[in-house]
2 protein chains.
Amino acid sequence: MDRIRNVSCFSKLTDEQLEKLKKISVIKKYKGKEILFYEGDAPIYLYVLLQGTLKVYKTNHKGQQIFLHQFYPGGLVAELANFENIPYPATAEFMSDSEVLRIDYKALEKDFFKNPEISFEIIKSLIAKHKILIDVIQKEVILTADAKVAKFILENGDLFKTLKNTQVASILNLTPETLSRTLSKFKSSGLIELDDKHHIRVLNPQKLEEVL
Amino acid sequence: MDRIRNVSCFSKLTDEQLEKLKKISVIKKYKGKEILFYEGDAPIYLYVLLQGTLKVYKTNHKGQQIFLHQFYPGGLVAELANFENIPYPATAEFMSDSEVLRIDYKALEKDFFKNPEISFEIIKSLIAKHKILIDVIQKEVILTADAKVAKFILENGDLFKTLKNTQVASILNLTPETLSRTLSKFKSSGLIELDDKHHIRVLNPQKLEEVL
DNA sequence: AAAAAACCTTGACCTATGTCAAGCAGGTAT
DNA sequence: ATACCTGCTTGACATAGGTCAAGGTTTTTT
């Protein structure tokens, strides 16, 4: 199918290779809130997200989700677990109705691994994920709640238009209460302004940077 | 030099390739506590640790070190920054007198990147680092202080023999006070026993596991 | 439009861990 | 032996952020 060809990761395969790939993979559909895999599951498949969104999170001692990352179409999911044949280190849950390409990993390894194009794509994907993890560490370990919020406003200000505050809070791994308090603090110190419908206007980007 | 050949990452190179590598690299010696690079520096070189130990950490808002990882001889340091040409995301400091192979990254990229052996080694190194980062997240974000200590005792119990408590505390990113309190708590609940010289005996591995 | 559900805000309180300070123990140097 | 580090322990206190609860507001369902 053309679906596969359009995935950036496989764009450079020959027709013949694509045929092979088709044989070891299948397209699966999921609904929002369904789970693709749980933390601790054994990895059998490599997944490529074709459509929809997928979030990956870990669960802490008190059962709360620690949001790690969100996948968009084209993303390669969970190579690590496949490579190392260790249990998935996190849980993956669909956030909307989605489609994934489910690839039999063992077969892929056998046929495709010597292909330098594929290796390169894998390196790229690993590096991207590496960056994500470093960001997670930055976010969770280094930044205070205020700094998280300031960073999010500066980098993703428009998302406030689409997301509810609870959703933003969960992306930042904060409680809605803390987010609310932080926003009012910023508001009262004149850093931002909230008009009617969740539209944040940054009044003082300078100062907001300084919070970091 | 044979030094290079013994680095696992380059063990499969031909003599000719090794010659090339020699031309674009140089061995540097450092003393303990010297800094290899600071968080935020621009990456020019790829480093391979030949001898000694190197620790990598980030610094949080209050200026404390957040320990991320320790490198041992053979380790490839900081590929990410090189690949992506972004500033180093952490600081690297030698913990003992050490030697590194300093490789001109641009030249390496040009000459060696199509080599599937090298690609494979890079993938391996990236995956190892990926795992480390996931562990860091696990340690810093998911685990409580008690759980960190319990995990460390179970996995690295012998290190208590060689390291001072302050050093263990800094590996766990805890204050010595917290570590001390946690150890006495474990001791008084009969989970562990401390004899004269820093030798921890685990009395109840079962229960210790449960703390996790 | 009415009822129900979900969301946001604010206050009071809790908890884990860090900070500061003091005392103590053991090892090393004088 | 004495003095002096360095590291360990313990206590009192501080603080960031979470938890619980209640009231108000918005959105969704009926």
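Order of the sequence lines sets the chain letters (A, B, ...), proteins ahead of strands, with each chain counted from 1.
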*Nearest-neighbour nucleotide for the A/Asn165 side chain, C/dC8, C/dG18, C/dA21 considered*: C/dC8
_Side chain proximity check, B/Asn156 to B/Leu163, heavy atoms < 4.5 angstrom_ = no
*Within the pair B/Thr166 and D/dC8, is there a side-chain N or O less than 4.0 Å away from OP1 or OP2?*
yes
_Short side-chain N/O contact to D/dC8 OP1/OP2 from B/Ser180, under 4.0 Å_ = no
_Side chain of B/Thr144 (C-beta onward), nearest among C/dT10, C/dC7, C/dT17_ = C/dT17
_Sugar-phosphate, base or nothing in reach of B/Asn173, heavy atoms under 4.0 Å_ = sugar-phosphate
*Taking the side chain as every heavy atom from C-beta outward, state whether A/Tyr47 and A/Phe71 have any atom pair closer than 4.5 Å.*
no
_Within-4.5 Å side-chain heavy-atom neighbours: A/Lys58 and B/Val141_ = no
*Check the angle between the aromatic planes of B/Phe152 and B/Phe160 and answer parallel, tilted or perpendicular using the 30° and 60° thresholds.*
perpendicular
*With the side chain of A/Lys164 defined as its heavy atoms from C-beta on, choose the nearest nucleotide among C/dT10, C/dG18, C/dC8.*
C/dC8
*Look at the side chain of A/Gln167 and the base of C/dC7, then say whether one donor and one acceptor between them are separated by less than 3.5 Å.*
no
_N or O in side chain of B/Thr175 less than 4.0 angstrom from C/dT17 OP1/OP2_ = no
